[in-house]
Amino acid sequence: QVQLVESGGGLVQPGGSLRLSCAASGTIFSIDVWSWYRQAPGKQRELVASITSGTSTNYADSVKGRFFISRDNAKHTVHLQMNSLKPEDTAVYYCYAEAATSGISPIDDYWGQGTQVTVSS
């Protein structure tokens, strides 16, 4: 069993910064890919950023140059540094992990509970 717990959301003014964190706990053999998704009102959930076990990163065009994803394998944690925030970044942000609980188990997906990020003056 793997559980993801997110933190760091809140209210911030345009141009400000926030740092989201997500920690995995439970029986973890490996976490192959960490991702951050977000869902704004009236929109589908979209991929914001991802990072592989080889630390290769991928970002949505809308956040490139502003958001930065990183991972700490020793702590089974992923972070999303969000800079130069815009009102359109307002959404519920979810962390997501592709993980295995043993060396012979399949790779399963796990989701955090979501944390609200509101960018407004």
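This one's a predicted model, so the numbers in the text were calculated from it and none came from an experiment.
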Working to the nearest 0.5 angstrom, can you tell me the gap between K75 NZ and S25 OG?
15.0 Å
Check whether more than 12 heavy atoms from other residues, nucleotides or ligands sit under 6.0 Å from atom CD of E88, and answer yes or no.
yes
Shared hydrophobic cluster, L47 / W111 (ILVMFWY, side-chain heavy atoms < 4.5 Å):
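As far as the 4.5 Å side-chain criterion goes, W111 and L47 are connected within one cluster.
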Connected to F29, directly or through other members, by ILVMFWY side-chain contacts below 4.5 Å are none
Suppose clustering is done on Ile, Leu, Val, Met, Phe, Trp and Tyr with side-chain heavy atoms closer than 4.5 Å. Which residues sit in the same group as I69?
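V2, L4, V12, L18, L20, I28, I31, W34, W36, V48, I51, Y59, V63, F67, F68, V78, L80, M82, L85, Y93, Y110, V117, V119, listed by chain and number.
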Could you go step by step and tell me if K86 and R66 meet the side chain to side chain contact (heavy atoms under 4.5 Å, CB included) rule?
CA-CA 10 Å; K86 305 174 181 179; R66 300 189 297 120; 3.8 Å; yes
Applying side chain to side chain contact (heavy atoms under 4.5 Å, CB included) to E46 and Q39, what does each step give before you reach the verdict?
CA-CA 6 Å; E46 65 173 340; Q39 187 165 24; over 6 Å; no
With no hydrogens and no angle check, just 3.5 Å: does a side-chain donor-acceptor pair link T118 and Q116?
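Yes.
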Polar contact flag, side-chain donor to acceptor under 3.5 angstrom, H79-S70:
no
For the pair D61 and K64, find out whether any cationic side-chain nitrogen is under 4.0 Å from an anionic carboxylate oxygen.
yes
Strictly by side chain to side chain donor-acceptor pair (under 3.5 Å), give each pair with a member in residues 2-16 just once, sequence neighbours left out.
none
Do the two ring centres, one from Y37 and one from Y96, sit under 6.0 Å apart?
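They qualify: ring centres under 6.0 Å apart.
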Looking only at heavy atoms, what is the nearest atom pair of P14 and S121, with distance?
CD-N, 3.7 Å
Closest heavy-atom contact between R38 and A91?
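So the two residues come closest at CB-CB, 3.8 Å.
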Donor-acceptor contact below 3.5 Å, side chain S56 vs main chain T52:
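No, because the side chain of S56 does not come within donor-acceptor range (under 3.5 Å) of the backbone of T52.
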Between R45 and Y94, is NZ or CZ placed under 6.0 angstrom from the six-membered ring centre and within 45° of the ring axis?
yes
Apply the test side chain to side chain donor-acceptor pair (under 3.5 Å) to residues S17 and N83: give CA-CA distance (whole Å), side-chain angles for both, the deciding distance (0.1 Å), then the verdict.
CA-CA 4 Å; S17 298; N83 301 319; 3.0 Å; yes
